[in-house]
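Chain letters run A, B, ... following the sequence lines, proteins first and then strands; every chain starts at 1.
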2 protein chains.
Amino acid sequence: MTEFDHPGHTAEPRQEPGLVAGFDRGAAGREVFTIRDLTKEFEVSARTLRFYEEKGLLAPRRNGEKRLYSRRDRARLRYVLMGKRVGFSLEEVREMLDLYDLGDGRRTQLQVALAKFQERAVRLEEQRGEIDRAIAELARASLEIQAMLSARANDEG
Amino acid sequence: MTEFDHPGHTAEPRQEPGLVAGFDRGAAGREVFTIRDLTKEFEVSARTLRFYEEKGLLAPRRNGEKRLYSRRDRARLRYVLMGKRVGFSLEEVREMLDLYDLGDGRRTQLQVALAKFQERAVRLEEQRGEIDRAIAELARASLEIQAMLSARANDEG
DNA sequence: CTAGCAGTTTACGTAAACGTAAAGCCCGAA
DNA sequence: TTCGGGCTTTACGTTTACGTAAACTGCTAG
């Protein structure tokens with residue numbers, strides 16, 4: 001269990017925002033956010049946000065000591081969380097974000113991201129295959145056990 | 001990635017033995033095995049076997065310093081590896097093996113194992129659901145990106 | 001006798017994503 | 001003024017399943 005665990009709130013049916021926020025509905029047109037704002041909006045801990053910053057995923061400005069997150073930071077966070085949901089490591093996400101920052105008109109980066117997404121989808125389908133095989137193996141084992149049980153049902157009662 | 005990674009040999013089509021070995025075809029009716037025998041037969045490292053012993057999963061006898069594995073040890077190893085494949089932790093496997101060792105006619109243990117197997121299968125199906133959702137999310141994101149790309153295809157030329 | 005190989009033990013290292021103190025700063029309320 | 005929050009930093013702890021290095025013993029071939 002790593003990739004698809006959401007330790008906190010056990011997968012509630014929250015609307016998971018896409019890459020592009022329609023018109024930022026939700027946090028009505030704010031320009032700047034505190035760490036609390038983001039922890040509440042995205043249900044992540046403050047520790048997590050600082051950790052992401054430490055890893056180069058976010059880079060909020062400061063008001064003295066306090067962190068001030070821009071809408072860009074917020075969009076990046078959204079991207080990070082989406083990446084996590086689909087099984088990218090934070091490192092992979094960071095690479096994509098870094099690429100995006102390089103500029104180049106964004107065309108190349110979009111294509112790179114697209115390719116990564118599709119690779120990831122392939123990998124996920126493989127994982128699904130492995131899970132299917134595991135389920136099948138469990139079913140076989142269960143049958144074996146049931147057979148053993150019914151074999152003993154006679155000579156034991 | 002944890003549960004379904006087979007770092008070594010990348011999922012070759014080897015025949016994965018069930019819980020009960022038909023008539024021990026393979027290692028023709030041997031009674032005792034060296035650590036090398038088992039590493040080759042099951043494609044695990046010697047380190048792994050010692051680690052499993054350290055964790056109470058195996059308990060081979062000794063010939064001086066050297067480990068001597070019985071057929072029972074070998075069957076337990078088979079069980080451990082099967083358990084791993086379907087996503088049990090070594091700790092969970094150990095608990096099941098310990099239960100089995102308690103005796104009690106084995107009926108209860110078989111039922112316990114059966115229950116755990118079925119729970120595990122349910123959990124695996126949940127994971128598969130999460131993977132399906134992740135795949136869908138990737139597909140959506142890919143579409144978004146393609147849209148952005150084709151939107152830029154014009155004004156960039 | 002000497003390599004060399006197989007085996008052993010002990011014990012630290014690794015990866016991932018944070019959790020959890022510990023300790024201190026700053027601000028508003030009572 | 002003191003207390004409680006909320007924020008900050010630093011840094012060690014957690015989990016799982018081994019990998020890997022170091023240092024030693026014992027056996028066999030040459």
Using a cut-off of less than 4.0 Å, is there contact between a side-chain N or O of [X] and OP1 or OP2 of [N]?
| X | N | result |
| --- | --- | --- |
| B:R36 | C:dG7 | yes |
| B:R62 | C:dT9 | yes |
| A:K84 | C:dC18 | yes |
| B:R67 | C:dG7 | no |
| A:T48 | C:dG19 | yes |
| B:Y52 | D:dC18 | yes |
| A:S45 | C:dG19 | yes |

Is [X] salt-bridged to [Y], cutoff N-O under 4.0 Å?
| X | Y | result |
| --- | --- | --- |
| B:R74 | B:D37 | no |
| A:R62 | A:E53 | yes |
| B:D132 | B:R128 | no |
| A:E119 | A:K116 | no |

In whole Å, I'd like the distance from the [atom1] atom of [X] to the [atom2] atom of [N].
| X | N | atom1 | atom2 | answer |
| --- | --- | --- | --- | --- |
| B:E53 | C:dT10 | CD | C1' | 14 Å |
| A:F51 | D:dT8 | CZ | P | 17 Å |
| A:N63 | D:dT8 | CG | C1' | 13 Å |
| A:L68 | D:dC7 | CG | P | 12 Å |
| B:Y69 | C:dA6 | OH | P | 16 Å |
| B:E65 | D:dC27 | CD | C1' | 13 Å |
| A:F33 | D:dC7 | CZ | P | 16 Å |
| A:D37 | D:dG6 | CG | C1' | 13 Å |

Side-chain contact check for A:R50: nearest option of D:dC18, D:dT8, C:dT8 is D:dT8
State which of D:dT20, C:dT8, C:dC18 makes the closest approach to the side chain of A:R47.
C:dC18
Would you say A:L49 and A:Y69 make side-chain contact, with heavy atoms under 4.5 Å?
yes
Starting at the 5' end of DNA chain D, which residue's closest nucleotide do you reach first, B:K66 or B:S89?
B:S89
